[in-house]
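To start, the structure under review is shown below, and the notes come after it.
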Amino acid sequence: MLLSSLSLCMLTTFEALAACEGIELHAWDAKVNGTVELTPEGLCFTSIVLELDMEVTGNVDRVEATLEDAKQHCLVLNSLRVPVVIETQVRTPGGKRFECYDLPAQLTPVRLVPQRHAS
């Protein structure tokens, strides 16, 4: 339930911010994996990876900043003690693709890297 909550919170936070930025979200697919280990405090998540695949139109140049803002304002993400890695693929209907690789959310910003693919 916690991992699903993280995914849904990121979606709703991104949607709200994207609407303000003129970004239209057409598709969103999220996969969340977490590792639970026995620690001195008991069973705890020791790592969480959130993989996002989205299709957007509109002001796509603002997607990177909007993802960063969503990370800063996602209530569930900000409530976790464990760093969350967020990896994102962004697609536009015209075939433009970006991959965003992220170290733990509180440690480094997202980087958009154009992905080359065969036409």
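Taking hydrophobic clusters as Ile, Leu, Val, Met, Phe, Trp and Tyr residues chained together by side-chain heavy-atom distances below 4.5 Å, V90 shares a cluster with W28. Put simply, I48 and L67 are part of the same group of oily side chains (I, L, V, M, F, W, Y) that touch within less than 4.5 Å, one to the next.
Pairing each heavy atom of A30 with each of L50, the nearest pair is CB-CD1, 4.2 Å. Residues S5 and V76 come closest through the heavy atom pair O-CG2, 3.9 Å. Between C44 and T39, the shortest heavy-atom distance links the atoms SG-OG1, 3.5 Å.
Taking OG1 from T57 and NE2 from H26, the interatomic distance works out to 2.5 Å, rounded to the nearest 0.5 Å. One finds the CG atom of L3 at 8.0 Å from the CG atom of N33 (value rounded to the nearest 0.5 Å). Separation of atoms OG1 (T12) and CG (L75) is listed at 9.5 Å; rounding is to 0.5 Å. Here the straight-line distance linking atom CD of Q72 with atom CG of L77 works out to 8.5 Å at 0.5 Å rounding. Separating the CG atom in D61 from the CD atom in E21 is a distance of 11.0 Å, to the nearest 0.5 Å. How far CG of L8 is from CE of M1: 12.5 Å, rounded to the nearest 0.5 Å.
In summary, R91 and D53 engage in a salt bridge, as defined by a charged side-chain N under 4.0 Å from a carboxylate O.
Looking at heavy atoms from C-beta onward, F14 lies in side-chain contact with M54 at the 4.5 angstrom threshold. Side-chain contact between F45 and L80 is absent, with no heavy atoms from C-beta onward closer than 4.5 Å. Residues I86 and L52 meet the side-chain proximity criterion, which asks for heavy atoms closer than 4.5 Å. A 4.5 Å side-chain heavy-atom check between V82 and T35 finds every atom pair outside the cut-off.
Side-chain atoms of N59 never come within 3.5 Å of backbone atoms of G22 as a donor-acceptor pair (strictly under, hydrogens ignored).
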